[in-house]
J.: 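Here it is, the structure in full.
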Amino acid sequence: MFDELNPEQEAAVRHGDGPLLVVAGAGSGKTMTLAARVASLIERGTRPERILLLTFSRRGAREMLSRAERLTEKGDAGRVWGGTFHAVGNRLLRLHGRVLGLTPDFTVLDQADGADVMNLLRDELGYSSRERRFPRKDTLAAIYSRTVNAGERLVDVLKGHYPWCLDEAEGIVDIFRAYTERKRRQHVLDYDDLLLFWKALATSPATRAQLATMFDHVLVDEYQDTNALQADILEGMRPSDGPRNLTVVGDDAQAIYGFRAATVKNILEFPERFPGTTVIKLERNYRSTPPILAASNAVIALSPQRHEKTLWSSRESELLPVLRACLDEAEQSDAVCRTVLGHREEGVPLKAQAVLFRAAHHSDHLEVELARRNIPFVKYGGLKFMEGAHVKDALAFLRILENPFDEVSWFRVLQLLEGMGPASARRLMDDLEVRRIDDAEAASPLARFLEEPLAVPKAAAQGIRDIRTALGDCLDADALPPAGQLARLRTFLEPLIARKYDAAASRTRDLEQLELLASESASRGQFLADLTLDPPSSTGDLAGPPHLDEDYLILSTIHSAKGLEWDVVHVIHAADGMIPSDMSTGDDDEIEEERRLLYVALTRARDALHVTYPQRYYRRPRGLEDSHSYSQRSRFLPDEVLLHFEVVGPQVVPVPDVPEPVTAAADVDAFLAGLWAD
DNA sequence: CACGCTTATATTTTT
DNA sequence: TATAAGCGTG
């Protein structure tokens, strides 16, 4: 097991008891080290089910555990508790939540669902029709989440990040109170609750001992992207006696989740918070060629924040990364297509190449161009699928079946019917007592909906009957698996969706995909939880296995590319306004995070790196006029950094030609004259 | 009260 | 560009 490790990696793997901080630079074999440590712990006698491995994505957990699996002789690494903080919290709370008053069948709200609840309350409490404008549902949800995750006071969060909402602080508090209260009553938890309740479980006198004795070793990947709440959980998980066997791995130069209240303080202050910490630095980079590493180092070196690491590589190559200025987006897309195909000719398959960008929509133009040239691709990042109204509609039915007190889902489902608007839906929900506090004596709203006579608008009567039979058919989860339930629901959902939304064909396809996804889950509750905790993150996830044999190019947001690597990496839109994004130039911390984002993108490359930026952006194709704006190279690539690149393309934007109107008019006149001549 | 139309507005990254 | 709020009509 230790043959392939360098001395620092080996020290990290062999480390015994006590807190361990591994500061692992980009490409320093971090994943391998962590996997080997898990394997080594098992070999040394720790039972796998007493190891907790927290990763940033479910993909990360899977990869690490399968590596550990190959390294262990017994091959039982699969029994390790692995997953994201949220997924593990979900699991723990279903096992031990009763003590905190949680029933094991709670449902989980994603961030959009939470926003919908906020919207309901915003309406009910009279904040939607007022003279002054009031924060929207998504803003409310964002403020709430940031406050909870950072553990800061609401006023401070408002002052720091939402100053324009300060005037409405009172109303916001009002809504937040109602929001938390309603979630409790309805047996729903949002993402933040999964962490909050886990923390409660880990710290409250009644349960902490039980939780602390569950695990002998806790390991955390990507520690730089955890927030205050997550750090508290880790601290709380320590056993009352015995060593704190906590291993965290991270790189402060790659912290890119500040917008989610992640804080680099966690990694920087780890040794103080956990006295007796052993610190190991991994500075040897196994991934990139020296020129790529030099360029990346040059970018991060300009950060005023300290990153006490210098990466070095012993690979051999003198090929400089390329920085290409393009006239406009069209030229950029063209250049990317050409270089991609060029590398493929040299034997680098498409799968070993990736195009990275700041925001999910930055690849729109390129996607059209790739499709036109028949270059297959899979795109990671963005949450498109789960955000589709039709997908939410279908899931709302399943959620009602799972949790009849799910107000948002009732509200959504009822309004699908013709003749049912918000007012009628509310009235019917009141009749069903969806908002009543659950007591075991009374019939559930769902039972009443299915059995009792209902007062509904005449136009909706038939629709209500259809919903009743459909829901009734799906009631018996034993008789009909989740996929079957979706199939049943689809029969009457499709006409409704066709009536309500456009692009019916593609929406129907999405529902089919959903059904396919459901067929992998054992139960309805499992399916819903999986979907919210691990939403499909790429079009490839949805397309399913058939695509896996083929070769395809990877498109990804930089955030989704974290922890991954490719032979050839193309970074597009390296222009100011894109990286850094115009939305995040508010304060220095935000700008530094954008710099690290570019650093993360550059360090994904093994053999070749191409950075491009357009010098001209056409405005949205709304008007017909040729309006455009000029852009500058990203501020993170100043002249001194360019020394590390081979610079190609025009550096000066050519002054647009002023057309000669006389000639053009003369041509038209001549043409017309020609038509009339006999 | 539902619904279709017009108009304003904010606009990133993701568990 | 997509969504939400506002307005007039049936």
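We name chains A, B, ... by the order of the sequence lines, and we start the count at 1 in each one. Because the structure is predicted, anything quoted here is derived from the model rather than measured.
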J.: Mind listing the side-chain donor-acceptor pairs of residues 254-265 of chain A below 3.5 Å, one per line with the distance, residues two or more places apart or on another chain?
T.:
unit_1: A:Q254; atom_1: OE1; unit_2: A:R604; atom_2: NH2; d: 3.1
unit_1: A:Q254; atom_1: NE2; unit_2: A:D251; atom_2: OD2; d: 2.8
unit_1: A:T263; atom_1: OG1; unit_2: A:K265; atom_2: N; d: 3.0

J.: Rounded to the nearest Å, what distance is computed from the NZ atom of residue A:K562 to the C1' atom of nucleotide B:dT14?
T.: 10 Å
J.: Looking at B:dT14, B:dT13, B:dT15, which one has an atom nearest to any side-chain atom of A:Y191?
T.: B:dT15
J.: Anything under 3.5 Å between a protein N or O and an N or O of nucleotides 2-5 of chain B, put it in a table, one pair a line.
T.:
unit_1: B:dA2; atom_1: OP1; unit_2: A:G421; atom_2: N; d: 2.8
unit_1: B:dA2; atom_1: OP1; unit_2: A:G421; atom_2: O; d: 3.4
unit_1: B:dA2; atom_1: OP1; unit_2: A:S424; atom_2: N; d: 2.9
unit_1: B:dA2; atom_1: OP1; unit_2: A:S424; atom_2: OG; d: 2.3
unit_1: B:dA2; atom_1: OP2; unit_2: A:A423; atom_2: N; d: 3.3
unit_1: B:dA2; atom_1: O5'; unit_2: A:G421; atom_2: N; d: 3.4
unit_1: B:dC3; atom_1: OP1; unit_2: A:G419; atom_2: N; d: 2.6

J.: So how far is it from A:D110 CG to A:H86 NE2, rounded to the nearest 0.5 Å?
T.: 11.5 Å
J.: A:F56 on top of B:dT15's base, within under 5.5 Å and under 30°?
T.: no
J.: Check this one for me: any side-chain N or O of A:R122 less than 4.0 Å away from OP1 or OP2 of C:dA5?
T.: yes
J.: Quick one about A:D192 and A:N149 (side-chain donor to acceptor, distance below 3.5 Å, no hydrogens or angles considered), yes or no?
T.: yes
J.: In whole angstrom, what separates A:H362's NE2 from B:dT11's P?
T.: 15 Å
J.: Of A:K183, A:K392, A:R399, which is the lone residue that meets salt bridge (charged side-chain N to carboxylate O under 4.0 Å, His left out) with A:D113?
T.: A:R399
J.: Could you please name the option among C:dA4, B:dT14, B:dT12 that lies closest to any side-chain atom of A:A359?
T.: B:dT12
J.: Rounded off to whole Å, could you give me the OH-to-P distance for the A:Y162 and B:dA10 pair?
T.: 14 Å
J.: CZ of A:R136 versus C1' of B:dT9: gap in Å, rounded?
T.: 6 Å
J.: Return yes when atom CD of A:E418 has more than 12 non-hydrogen atoms of other residues, nucleotides or ligands closer than 6.0 Å, and no otherwise.
T.: no
J.: For the residue pair A:H573 and A:H362, does the interplanar ring angle fall in the parallel (under 30°), tilted (30 to 60°) or perpendicular (over 60°) class?
T.: tilted
J.: Is atom CD of A:E124 surrounded by more than 12 heavy atoms (other residues, nucleotides or ligands) closer than 6.0 Å?
T.: yes
J.: B:dT9, B:dT13, B:dT14: which one has an atom nearest the side-chain heavy atoms of A:Y257?
T.: B:dT14
J.: Should A:S57 be listed as having a side-chain N or O under 4.0 Å from OP1 or OP2 of B:dT14?
T.: no
J.: Nearest whole angstrom, please: distance from the P of B:dT13 to the NE2 of A:H361.
T.: 7 Å
J.: Rounding to an integer number of Å, can you tell me how far A:L195 CG sits from B:dT14 C1'?
T.: 13 Å
J.: A:D582 has an atom CG; how far is it from atom C1' of B:dA10, in whole Å?
T.: 13 Å
J.: Under 3.5 Å, is there a donor-acceptor pair between the side chain of A:D530 and the main chain of A:F527?
T.: no
J.: With respect to the side chain of A:P535, which nucleotide from B:dT15, C:dA4, B:dT12 is positioned closest?
T.: B:dT15
J.: Residues from residues 80-92 of chain A sitting under 4.0 Å of DNA chain B, heavy atoms only?
T.: A:T84, A:H86
J.: Indicate whether any N or O donor in one side chain lies under 3.5 Å from an N or O acceptor in the other, for A:S521 and A:Q526.
T.: no
J.: For the pair made of CG in A:L533 and C1' in B:dT14, what is the distance, rounded to whole Å?
T.: 13 Å
J.: Does NZ in A:K199 sit with more than 12 non-hydrogen atoms of other residues, nucleotides or ligands closer than 6.0 Å?
T.: no
